[in-house]
Amino acid sequence: MEDSAVESWQDSYGGMSADNLKGLVLALSSSFFIGASFIVKKKGLKKAGASGIRAGVGGYSYLYEPLWWVGMMTMIVGEIANFAAYAFAPAILVTPLGALSIIISAALAHIILRERLHIFGVLGCVLCVVGSTTIVLHAPQEREIQSVKEVWDLATEPAFLMYAVSVMAAVFILVVRVIPEYGQTHVMVYIMVCSLVGSLSVMSVKAVGIALKLTFEGMNQLIYPQTWAFALVVCVCVVTQMNYLNKALDTFNTAVVSPIYYVMFTTLTILASVIMFKDWDRQNPTQIVTEICGFVTILSGTFLLHKTKDLADGSSASLSMRSSRHPDESVYDPEGIPLRRQENIRPS
């Protein structure tokens, strides 16, 4: 029995196939482009905000800033590479590598934007990455689907319809009631909108991807209205995501936005996938418990990231007694992490 276990291990780790290697390279490239895009877009947002109305307070002057468009195109290239990676390698290989974009973004933010994380912020990022990776690594394999109509049937089942309606209701409340009052002071508000909408966009992206893959294999799916319905949902969701992600990046520190967005987006996407594709029906209790432990780890990391704000606020008080700063500069010392730019802090 011990010999058979060794043989099974050798079979599993005997080497990476050519397709898996292509998927790995594409996924790594995707992480680099997406991580870098956060920094380039933030530079563009800062430059646009210096001469116009900032995105964080409802402005769209960044649309006229070439640097922001460079960042946008960089993100699109990364997303295309990520989409292509799933065509060559299984999700269990590709999805966890998305966490590398957080590390790249934080490193570039430190070098280019002079943004620094407190030690607890670093630990929070690590916990977020570990927790998200644990969930994704133990996620089940995707089911075989032969037609986009099968995906439509899954999306129109009562359980997922209830989830979709709940997401749209939550987003409506956040946009209409919560964002006007708390959007400038709580990082989770903008990110919750991006993540909730993002979970629906990923399900639609999967549907469109399946339709294109089957079409390339000779089974034309473009003749079905379901394909175009999913494509419409993708367009609406992506535009919404980009709008509120821009607001989050312009208002809060990049090194905080990136990991929290990754955590929330990954968690809600997995939840949506579990409901729509019934992933847990094909898993044993050990795998499910492991995923729950990963979720608890994510919550711990998120708590530390918020705790970092308190530490930074405390350090800024003593700093203001020693020196004065220009209004556009960060009010926190180099060892802290500013969650808000100084101009966003409203006097009471």
Side-chain angles (χ1 to χ4, degrees), residues 28-82 98-118 121-122 125 183-185 187 189-191 193-194 198 238-262 265 305 308-309 312 325-345:
L28 290 174
S29 301
S30 170
S31 295
F32 175 80
F33 282 115
I34 292 175
S37 72
F38 278 99
I39 307 305
V40 179
K41 287 173 67 178
K42 176 122 188 194
K43 291 282 286 185
L45 289 169
K46 282 186 173 182
K47 190 174 180 181
S51 57
I53 301 176
R54 292 176 43 242
V57 292
Y60 293 93
S61 59
Y62 61 85
L63 294 175
Y64 302 98
E65 175 54 50
L67 190 59
W68 182 87
W69 282 107
V70 171
M72 188 65 183
M73 295 305 299
T74 304
M75 175 173 282
I76 291 174
V77 170
E79 293 296 348
I80 292 174
N82 188 58
L100 295 178
S101 64
I102 297 176
I103 300 173
I104 293 170
S105 179
L108 293 178
H110 172 72
I111 296 171
I112 298 175
L113 301 180
R114 304 297 181 183
E115 296 178 357
R116 297 181 125 184
L117 277 171
H118 190 277
V122 174
C125 289
Q184 295 294 305
T185 56
V187 66
V189 177
Y190 288 137
I191 294 178
V193 174
C194 295
V238 168
V239 170
T240 303
Q241 280 181 268
M242 291 300 99
N243 181 38
Y244 287 99
L245 183 58
N246 285 331
K247 294 178 183 292
L249 287 172
D250 191 50
T251 306
F252 303 98
N253 191 301
T254 307
V256 171
V257 172
S258 298
I260 295 181
Y261 175 61
Y262 171 79
F265 175 75
L305 284 170
T308 302
K309 176 181 181 296
R325 291 183 178 271
H326 189 275
D328 289 338
E329 294 180 353
S330 171
V331 298
Y332 304 140
D333 65 69
E335 296 303 318
I337 176 169
L339 287 181
R340 292 179 289 167
R341 291 163 55 113
Q342 172 67 7
E343 59 265 32
N344 289 334
I345 303 177

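Below, each value reflects all heavy atoms present in this structure, side chains not excepted, and no hydrogens, waters or symmetry copies.
Considering CZ of Phe33 and CD of Glu79, their distance stands at 12.5 Å, rounded to 0.5 Å. Separation of atoms OH (Tyr244) and OG1 (Thr251) is listed at 12.0 Å; rounding is to 0.5 Å. Atom-to-atom distance recorded for Asn82:CG and Ser31:OG is 7.5 Å, nearest 0.5 angstrom. Distance check, rounded to the nearest 0.5 Å: CH2 of Trp68 to CG of Asp250 gives 12.0 Å. Separation of atoms SG (Cys194) and CG (Asn246) is listed at 8.5 Å; rounding is to 0.5 Å. Here the CZ-NZ distance, from Phe252 to Lys247, works out to 12.0 Å after rounding to the nearest 0.5 Å.
When all heavy atoms of Ser37 and Gly71 are compared, the pair lying nearest together is CB-O, 3.3 Å. Val257 and Ile191 get closest at one heavy-atom pair: O-CD1, 3.9 Å.
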* **Worked check of side-chain contact (heavy atoms from CB on, under 4.5 Å) between Leu245 and Met242** => CA-CA 5 Å; Leu245 183 58; Met242 291 300 99; 4.1 Å; yes
